[in-house]
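See below for the structure under consideration.
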Protein chains: 2
Amino acid sequence: MLAMTLPSEIETGPSRRPDQPPAGAHMLDRHIRAAASRVLQAREHVFFEGDPIHHVYQIVKGTVCLYMTLPDGRRQIVDFAHAGDFIGLGESGEHSIAAQASTLTKLRCLPAGALHEVARHDPQVGVQLYRALSDQLAAARNLLLTVGRRSATERLATLLLALSRRNERMGADPARISLPMSRAEIADFLSLTIETVSRSFTKLRQSGTIDLIQSTLVLIRDRRALEQLCADEPAAGR
Amino acid sequence: MLAMTLPSEIETGPSRRPDQPPAGAHMLDRHIRAAASRVLQAREHVFFEGDPIHHVYQIVKGTVCLYMTLPDGRRQIVDFAHAGDFIGLGESGEHSIAAQASTLTKLRCLPAGALHEVARHDPQVGVQLYRALSDQLAAARNLLLTVGRRSATERLATLLLALSRRNERMGADPARISLPMSRAEIADFLSLTIETVSRSFTKLRQSGTIDLIQSTLVLIRDRRALEQLCADEPAAGR
DNA sequence: CGAGTCGTTGATTCTTTTCAAAGCCCGTGG
DNA sequence: CCACGGGCTTTGAAAAGAATCAACGACTCG
C-alpha cells in the first residue's frame with residue numbers, strides 16, 4: 001500500500017507559484033499536480049472490472065467511459081468522465097466497474113491510499129471528494145431515470161442536451177456538439193442498440209431538430225424541440 | 001487505518017455526555033441518538049423533489065423509496081432505503097429526488113448543516129458518510145445495469161435475490177422474503193409496468209423458482225435458478 | 001356486506017430488437 | 001491519385017418483448 005506523501009514531496013508540482021492560499025483549499029490540486037500522468041489511446045482501458053484498486057484518476061484531457069457487464073457480454077455504460085472528473089472514487093478492494101478511454105486521453109494518477117490519507121487529515125480535500133462522489137451519484141440516478149423511463153428518441157435528446165449544456169459550461173458553442181463516443185458507446189450508455197440509436201438520430205434529423213454534419217458532429221437546429229423531448233425541467237423561464 | 005480524531009475538536013458536539021469513548025468511532029452514532037425522530041405512515045413523504053434541504057435522515061425501521069419523476073408523471077424509483085441507511089446525503093440546496101415511506105417507517109432526523117459541520121471536524125464521521133454515499137452510488141449503478149440490460153423476469157429475479165441477500169446479512173431467513181413494497185413500486189423500481197411485474201412473478205412461480213404465499217410474501221424454492229437469471233456473478237464457488 | 005384498492009390474467013398494439021444488407025468514410029497500398 | 005478493404009453507420013424487414021387496454025378476482029377496511 002502507499003505511504004503518505006511527505007510535505008516536501010507535495011512541493012514537487014510543476015509551476016507552483018508562491019502566492020498560494022494559507023488553508024488546504026488547494027491541497028488536492030497540489031497533490032494532483034504532483035501526480036504521475038498517463039496517456040491512453042482510444043479503446044485502451046484504464047482498468048478492468050475486478051482489478052485491484054491502486055489509484056484514483058483525474059481526467060486531464062479526453063473522455064473515459066465507465067461500464068459494467070453481465071457474464072454473457074451485455075454491457076451498460078454507467079458514466080462518461082470528462083476533463084476534470086475523477087474516476088475510481090468510493091471504491092475499495094477491487095474495481096466494480098471498468099474504465100475505457102473513448103478518445104485519446106490523459107489522466108493524472110493519484111495513489112488511492114495516499115489520497116484517502118490526505119482526505120482524512122484535510123477536511124477540505126474530504127469535502128471535495130465527497131462532492132465529486134455526490135455528483136456521480138446524481139448523474140447515475142439521472143441516467144437511471146432516462147434509461148428507465150424515456151423512449152429511444154427522448155434518451156438521445158437527453159444525451160445531446162447534456163453535452164450541449166456541458167459545452168455551455170466550458171465556454172464552447174452549445175449548438176455544435178462534437179461527439180467523443182461511437183454509436184456503440186451511445187447505445188450502451190442509453191441502453192439501446194446501435195441500430196436504434198442510428199434511427200433516433202435520423203428521426204431527429206428528419207424532424208429538423210438537429211443536423212448531422214458528420215456522424216460524430218451534431219448541430220442543434222431546434223433546441224426547444226430537444227428540451228421538449230427531454231422534459232426534465234418544465235423548460236419555463238429559459 | 002483510520003487517523004486519530006483531534007481530541008479537542010471532538011468536544012464540540014451538542015448534548016455531549018462525559019462518558020464518551022476515546023476515539024471518534026461513535027461520534028456519528030451519538031449524534032444520531034441525540035437527533036429527533038419522526039414516524040411516517042406508508043405512502044407519507046419524507047420530502048418531495050424540490051423541497052429545501054433541512055435534514056439528512058437515517059432509517060430506524062421500515063422502508064423508504066427514493067424516486068424521480070418526469071413532468072408527465074413517469075416515475076423511476078432509484079433506491080429503496082432500509083433500516084440503517086441514510087437518505088438525503090450528498091444533496092445541497094434542494095432535494096433532487098423525493099422520498100416516500102413504503103411501510104410504517106421511523107426515521108432519525110439529522111440537521112444537515114450540523115452533520116456536515118461534524119464531518120468537517122471529525123474525519124471518522126466524514127469517512128462514514130463517504131462510505132454511505134459510495135454504497136448508494138454502487139447501488140444506483142447496479143440498478144442501472146439491471147434496468148438497462150436485463151429482461152423483465154431477470155430484473156425481478158435480481159430484486160428478489162438482493163432482498164434475499166439482505167435477509168441473509170440481517171440474520172433472517174434468506175428463502176423467505178417479505179416484500180415491503182407494492183407491485184407499483186416494484187414496477188417503478190425495475191422500470192416495468194405492474195402488469196409485467198405480475199406476469200414475471202407468475203412466470204417464476206410456474207417455473208417452480210418461487211412460491212407466492214401471499215402477494216407480498218415470497219418463498220424461494222430454487223435459488224440456483226434465481227442466480228442463473230441474475231447472472232451477476234459467475235455463481236461459481238457459492 | 002359492500003366499496004375500493006391492489007393484483008392477476010387475457011388480447012392487442014407498439015416500440016425496440018434482431019437479422020440482414022447496403023452505404024460511407026478513411027487509411028493503405030498499388 | 002485512385003482502387004481496395006475494413007470498420008462504422010445507416011436503412012429495411014421481420015420478430016420479440018413489454019406496454020396498453022380491458023376485465024376479472026382477491027383482499028381490506030369501514
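Values in this document were obtained by computation on a predicted structure and should not be read as measured data. The basis for the numbers below is simple: all heavy atoms, side chains too, and nothing from hydrogens, waters or symmetry mates. Throughout, a chain's letter reflects where its sequence line sits, starting with A, and its residues are numbered from 1.
Distance alone, capped at 3.5 Å, is enough to place a donor-acceptor pair between the B:Asn167 side chain and the B:Asp173 backbone.
If you measure from atom CG of B:Leu190 to atom C1' of D:dA19, you get 15 Å, rounded to the nearest angstrom. Put simply, CG on A:Asp188 is 13 Å from P on D:dC8, counting in whole angstrom units. Here C:dT18 presents its P atom at 11 Å from CG of A:Asp72, a figure rounded to the nearest Å. Going from atom CD of B:Glu154 over to atom C1' of D:dA18 covers 14 Å, rounded to whole Å.
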Output a table of nitrogen or oxygen pairs between the protein and nucleotides 6-10 of chain C separated by less than 3.5 Å.
residue: C:dG7; atom: OP1; partner: B:Arg183; partner atom: N; Å: 3.4
residue: C:dG7; atom: OP2; partner: B:Arg183; partner atom: N; Å: 3.4
residue: C:dT8; atom: OP1; partner: B:Arg183; partner atom: NH2; Å: 3.3
residue: C:dT8; atom: OP2; partner: B:Arg183; partner atom: NE; Å: 2.8
residue: C:dT8; atom: OP2; partner: B:Ser198; partner atom: OG; Å: 3.0
residue: C:dT8; atom: O5'; partner: B:Ser198; partner atom: OG; Å: 3.1
residue: C:dT9; atom: OP2; partner: B:Thr202; partner atom: OG1; Å: 2.4
residue: C:dG10; atom: N7; partner: B:Arg199; partner atom: NH1; Å: 2.9
residue: C:dG10; atom: O6; partner: B:Arg199; partner atom: NH2; Å: 3.2

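In terms of heavy atoms, A:Leu89 sits closest to A:Gln136 at CD1-NE2, 4.3 Å. What you find for B:Ile186 and B:Met181 is that their closest heavy atoms are CG1-CG, 3.5 Å.
Using a 4.0 Å heavy-atom distance criterion, B:Ser191 is classed as a sugar-phosphate-only contact.
Relative orientation of the B:His82 and B:Phe80 rings is tilted, given thresholds of 30° and 60° on the angle between their planes. Using a 30° and 60° split on the angle between ring planes, B:His95 and B:Phe47 fall in the parallel class, below 30°.
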Task: ring pair (Phe, Tyr, Trp, His ring centres under 6.0 Å) assessment of B:Tyr57 paired with B:Phe86 - done: CA-CA 6 Å; B:Tyr57 302 87; B:Phe86 289 96; over 10 Å; no

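Each of A:Lys203 and A:Gln214 was matched to the nucleotide of DNA chain C holding its nearest heavy atom; the match closer to the 5' end belongs to A:Lys203.
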